[in-house]
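Worksheet: the structure to be examined is printed underneath.
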Amino acid sequence: MNHPKASPFSKIEQEVGLSKITIAYSRPSAKGRVLFGNQLNGESGLVPYGRIWRVGANESTKITFSNDVLITDHLLSKGTYALYTFPEEKEWQVIFHNNTTHWGDGRTNYNLDEDALRILVAATQTQDFQESFLISFDGLDHNGAVMNLNWGTTQVSVPMFFDTKSIMQLQIDERLANSPTPQTYYEIARYYQEQDIHREKALGHVEEAIEKGGDTYYFYRVKSLILADLLRYDEAIAAAEISLKLSEIEGKDEFVRLNQNTISNWKSLRKKNK
C-alpha cells in the first residue's frame with residue numbers, strides 16, 4: 001500500500017543569477033520531541049551531537065548546482081552531492097558528499113574520503129519555532145544566496161556564491177559573435193548598466209541598438225541611465241526626454257513617471273555640478 005509519509009518529500013529550485021540550486025529532501029516534524037543533543041532531562045535528541053545526519057529524513061538529501069559554486073571560501077564543482085551534517089551545540093560540520101547512493105545517512109558505509117567539501121558553520125538559536133524541518137534560501141542577489149537549515153529553534157546558514165559576471169560575459173561574447181540584433185545590444189547595455197560596469201561599452205552598445213533598431217522608449221531609457229552614470233547630465237536629460245515622449249505615445253505610464261523623476265533629479269544634480 002502507498003501510505004502517507006510521516007516525513008513528506010519536498011523539492012526546491014532556486015535561481016541565483018544565471019545558476020540554479022536544486023534540493024530534494026524529506027521533512028520530518030518535531031511533534032513535541034527533543035530534536036538535537038545527546039541527553040536533555042533524561043531524553044536523547046532525535047539528532048545526537050557529533051553523529052552524521054542526512055539533513056532531513058528517509059533517503060539522503062541531494063543538492064545540485066548547475067554551475068561551479070563558492071561555499072564560504074571553498075570552490076565546489078557543479079554537480080549533485082549528498083548533503084550531510086555533523087551537528088554540535090554551537091557549530092555544525094556541513095558536508096557535500098560525492099557518493100549519492102547511500103540510503104539515509106549511510107552511517108556504516110559513509111567514507112569521509114568521498115567528501116567533496118566539508119565546512120564548519122555556526123549554529124544559532126531563533127525566537128520562532130520551526131515545526132517541520134525546512135531548507136530555504138535568503139539574501140538573494142545576482143551572485144549569491146544563503147542556504148538556511150531550520151528545525152525547532154536551531155538555524156544553520158551556509159553562504160553560497162556564483163561567478164555570475166563571468167558566466168554572463170561568456171554569453172555576451174557568444175551573442176556578439178553570432179549576428180547580434182538590436183535587442184542583443186540593448187540587453188547587454190542594460191546588464192552592464194545594472195551591474196555598474198563597462199560604462200563606455202554599455203553606451204556604445206545601446207547606441208548600436210538605437211542605430212539598428214530605431215527609436216524605442218526603453219532603448220533611450222537605458223541610454224539616459226548610462227549617461228547619468230557617466231555624469232553627462234545634459235545628454236542624460238535629452239535621452240530621457242526622448243524616452244518620455246515615446247512612453248507617452250505608447251501609453252507606458254510607468255516609464256513616463258520614471259523619466260519625469262530622473263529628469264527632475266538630474267537637473268538638480270546638474271545645477272550642483274556647475
Side-chain angles (χ1 to χ4, degrees), residues 1-14 21-66 68-125 130-137 147-160:
M1 294 179 63
N2 184 21
H3 291 273
K5 295 179 176 63
S7 301
F9 176 79
S10 182
K11 184 177 182 180
I12 56 174
E13 292 185 346
Q14 182 60 63
I21 306 171
T22 305
I23 300 178
Y25 73 117
S26 295
R27 300 184 60 190
S29 295
K31 300 178 181 177
R33 298 173 292 182
V34 177
L35 299 180
F36 300 102
N38 295 330
Q39 199 78 17
L40 183 63
N41 298 326
E43 184 178 357
S44 297
L46 289 173
V47 183
Y49 288 148
R51 195 171 79 179
I52 191 171
W53 183 42
R54 76 197 82 179
V55 203
N58 303 327
E59 63 181 277
S60 62
T61 292
K62 309 296 192 305
I63 184 167
T64 301
F65 301 101
S66 65
D68 294 350
V69 59
L70 201 65
I71 311 284
T72 60
D73 295 324
H74 306 277
L75 185 63
L76 184 65
S77 298
K78 66 179 182 180
T80 300
Y81 302 91
L83 185 64
Y84 296 127
T85 62
F86 281 87
E88 296 287 355
E89 182 179 2
K90 296 183 178 180
E91 291 182 317
W92 284 25
Q93 294 182 61
V94 178
I95 300 148
F96 300 85
H97 192 68
N98 282 313
N99 192 332
T100 60
T101 64
H102 298 316
W103 173 261
D105 57 23
R107 196 170 307 152
T108 57
N109 295 313
Y110 170 76
N111 181 354
L112 61 83
D113 291 336
E114 294 180 310
D115 290 350
L117 177 64
R118 181 186 289 241
I119 60 171
L120 194 65
V121 294
T124 60
Q125 296 298 307
Q130 178 65 45
E131 172 64 22
S132 297
F133 175 63
L134 177 67
I135 302 178
S136 62
F137 290 94
M147 180 180 72
N148 293 319
L149 313 177
N150 286 87
W151 203 15
T153 58
T154 298
Q155 176 172 300
V156 171
S157 298
V158 182
M160 301 176 172

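Computed from a predicted structure; not experimentally measured. Numbers here are sequence positions counted from 1.
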### Message
Which residues pass the side-chain hydrogen bond (donor to acceptor under 3.5 Å, both in side chains) test with S157, not counting sequence neighbours?
### Response
N148, Q155
### Task
Dump the intermediate steps for side-chain contact (heavy atoms from CB on, under 4.5 Å) on L149 and T85, then the final yes or no.
CA-CA 10 Å; L149 313 177; T85 62; 4.3 Å; yes
### Task
Check whether any side-chain heavy atom of V55 lies under 4.5 Å from a side-chain heavy atom of Y25, and answer yes or no.
no
### Message
For the residue pair Y81 / D115, report whether a side-chain donor-acceptor contact shorter than 3.5 Å exists.
### Response
no
### Query
side-chain contact (heavy atoms from CB on, under 4.5 Å) between N58 and F9: does it pass, once the steps are laid out?
CA-CA 9 Å; N58 303 327; F9 176 79; over 6 Å; no
### Summary
Taken to the nearest 0.5 Å, the spacing of R27 CZ from E131 CD works out to 10.0 Å
### Task
Decide yes or no for I119 and V158: does some side-chain heavy atom of the first lie under 4.5 Å from some side-chain heavy atom of the second?
yes
### Message
Testing the basics here: between S66 and K78, what is the closest heavy-atom pair and its distance to 0.1 Å?
### Response
O-CD, 3.4 Å
### Query
So which heavy atom on G50 is nearest to which on E88, and how close?
CA-OE2, 3.2 Å
### Summary
Closest heavy-atom pair, D68 versus S77, reported as atoms and distance to 0.1 Å, is OD1-CA, 3.4 Å
### Query
Which atom names give the shortest non-hydrogen contact between M160 and I21, and what distance separates them?
SD-CD1, 3.8 Å
### Message
Rounded at 0.5 Å granularity, tell me how far CD1 in I95 sits from CD1 in I52.
### Response
5.5 Å
### Message
Suppose we screen for side-chain contact (heavy atoms from CB on, under 4.5 Å). Which residues come up paired with E13, at least two apart in sequence or across chains?
### Response
K11, K20, T22
### Message
Quick check: closest heavy atoms across L83 and M147, and the distance to 0.1 Å?
### Response
CD2-CE, 4.1 Å
### Query
In chain order, what residues pass the side-chain contact (heavy atoms from CB on, under 4.5 Å) check against K62, with sequence neighbours excluded?
E59, S60, T80, T100
### Summary
Rounded to the nearest 0.5 angstrom, the CG-CG distance for L46 and L35 is 6.0 Å
### Task
Indicate yes or no: at least one non-hydrogen side-chain atom of F133 is less than 4.5 angstrom from one of T61.
no
### Query
Roughly how far, to the nearest 0.5 Å, is the NE2 atom of H74 from the CG atom of L117?
6.0 Å
### Query
Under 4.5 Å between any side-chain heavy atoms of I12 and Q14, yes or no?
no
### Query
To the nearest 0.5 Å, how far apart are CG in L112 and NE2 in H97?
8.5 Å
### Message
Below 30° counts as parallel, above 60° as perpendicular, anything between as tilted: where do the rings of W53 and W151 land?
### Response
parallel
### Query
Does any N or O in the side chain of N98 come within less than 3.5 Å of the main-chain N or O of E114, such that one atom is a donor and the other an acceptor?
yes
### Task
Report the distance from atom CD1 of I23 to atom CD1 of I135, rounding to the nearest 0.5 Å.
5.0 Å
### Message
With a 3.5 Å distance limit and no angle check, can you tell me whether W92 reaches the backbone of L120 through a side-chain donor-acceptor pair?
### Response
no
### Query
Mind checking whether Y110 and Y84 have parallel, tilted or perpendicular rings, split at 30° and 60°?
perpendicular
